[in-house]
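For clarity, every value in this text was computed on a predicted model and none was experimentally measured.
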Amino acid sequence: NIFFASPSLVFWRNKKRAAKFFDEDFLEQVRPEIVYKMYGDHQSVLDRQRGELTRFCLPQLLRFEDRNSMAFSVEARVPLLSVDLVDFVLPLPLHWKVRGGWTKYALRSAMKHWLPDEVAWSRRKRGFEVPQKQWVEAARSEIESWLRNTPHNCPVKRQSFLVSIDKGQGGEQWFWRSLSTALWMCFSGVRP
């Protein structure tokens, strides 16, 4: 709650993550408006959840899910997003959503007799993970070539990407986001 009720903290954390791969002058130009729209104005938890479901996080994630599944001719389902379930769960009191540090508390409690504890009460959030670390390591020479061919005024710390791969950090969430952003900016002619 403290984190999401503080847009400046969210903005600082995300900027700090990106600082590993982008020049400081470039990051000074980043505008915090989206973070403040998502987490500002002292919104209630319900308002924040509605925003994440309809405007911010979920639409983007569903687009990724749809493109990834369709690329392999797979029809994917997201059962926890059924309209009836969302309509039922969204207005639940906060203590059924989060309790004792556990998110999805009502769902975990409902599944306690159906799932092993190590599944129902797992702290690790899992999706359909891809072997990003292995892919990035296998493509290291291509990534190095792409980075070497970026324009000189591109605000990217080229060597940081290669060091991250060599340290086994190519599977980190921020690595791929930063690399994709950097390459898009450089090869699309986006200038700071």
Side-chain angles (χ1 to χ4, degrees), residues 2-4 6-40 48 51-78 81 103 122-192:
I2 292 171
F3 180 75
F4 290 114
S6 175
S8 56
L9 183 59
V10 174
F11 182 69
W12 172 82
R13 186 184 101 185
N14 290 339
K15 194 172 170 184
K16 185 171 171 52
R17 286 175 166 173
K20 182 176 184 178
F21 300 112
F22 294 96
D23 295 338
E24 186 64 32
D25 292 339
F26 171 71
L27 292 176
E28 288 303 316
Q29 299 175 49
V30 175
R31 299 175 315 211
E33 290 87 10
I34 296 297
V35 173
Y36 283 90
K37 282 181 186 176
M38 288 176 73
Y39 304 113
R48 202 165 281 129
E52 287 184 356
L53 282 169
T54 60
R55 294 180 57 207
F56 300 113
C57 303
L58 192 60
Q60 181 181 18
L61 291 172
L62 288 174
R63 186 176 52 113
F64 294 154
E65 177 274 328
D66 186 54
R67 288 182 178 188
N68 288 336
S69 64
M70 289 298 114
F72 296 96
S73 300
V74 174
E75 183 69 31
R77 297 282 185 241
V78 281
L81 288 177
T103 59
S122 174
R123 291 199 180 273
R124 184 164 180 249
K125 191 172 189 174
R126 290 184 181 99
F128 293 104
E129 298 174 0
V130 296
Q132 177 181 310
K133 181 178 180 280
Q134 290 88 342
W135 291 349
V136 166
E137 289 171 355
R140 187 196 186 284
S141 60
E142 285 183 76
I143 292 170
E144 184 175 12
S145 174
W146 296 335
L147 291 168
R148 190 176 33 250
N149 292 321
T150 58
H152 292 291
N153 62 347
C154 191
V156 174
K157 296 179 181 176
R158 292 163 185 83
Q159 198 59 32
S160 294
F161 287 102
L162 302 176
V163 168
S164 290
I165 295 170
D166 294 341
K167 286 183 175 180
Q169 299 168 341
E172 291 181 6
Q173 175 185 42
W174 277 89
F175 178 87
W176 188 253
R177 287 181 181 182
S178 297
L179 179 63
S180 299
T181 301
L183 294 174
W184 170 76
M185 284 174 42
C186 293
F187 294 119
S188 298
V190 175
R191 298 290 173 255

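How far CG of L62 is from SG of C57: 11.0 Å, rounded to the nearest 0.5 Å. Here the CG atom belonging to L147 is positioned 14.0 Å from the NZ atom belonging to K157, to the nearest 0.5 angstrom. Interatomic distance, C154 SG to L183 CG, rounded to the nearest 0.5 Å: 8.0 Å. Going from atom CD1 of I143 over to atom CG of L162 covers 8.0 Å, rounded to the nearest 0.5 Å. Separating the CZ atom in R123 from the OG1 atom in T103 is a distance of 9.0 Å, to the nearest 0.5 Å. Rounded to the nearest 0.5 Å, atoms CG (N14) and CG (L27) are 11.0 Å apart.
Evaluation of the side-chain contact (heavy atoms from CB on, under 4.5 Å) rule for R63 yields Q60, R67 as partners, not counting sequence neighbours. The side-chain contact (heavy atoms from CB on, under 4.5 Å) check on A76 picks up E65, S69, with sequence neighbours excluded. Every residue meeting the ring-ring contact (aromatic ring centres under 6.0 Å, His included) condition with F21, not counting sequence neighbours, appears here in chain and number order: F161, F175. Listed by chain and number, the residues in a side-chain contact (heavy atoms from CB on, under 4.5 Å) with S141 amount to none (sequence neighbours excluded).
Screening residues 132-142 for salt bridge (charged side-chain N to carboxylate O under 4.0 Å, His left out), with sequence neighbours left out, gives K133-E137, R140-E144, R140-D166. Within the structure, the side chain to side chain donor-acceptor pair (under 3.5 Å) test picks out the following pairs touching residues 15-27 (sequence neighbours left out): K15-E28, K20-S164, K20-Q169.
Side-chain contact check for E75 versus M70: some heavy-atom pair is nearer than 4.5 Å. Residues F22 and T181 are in side-chain contact: their nearest non-hydrogen atoms beyond the backbone lie under 4.5 Å apart.
Minimum heavy-atom separation, L53 to P59: O-CD, 3.8 Å.
Using a 3.5 Å distance cut-off with no hydrogens or angles, the side chains of S180 and W176 do pair a donor with an acceptor.
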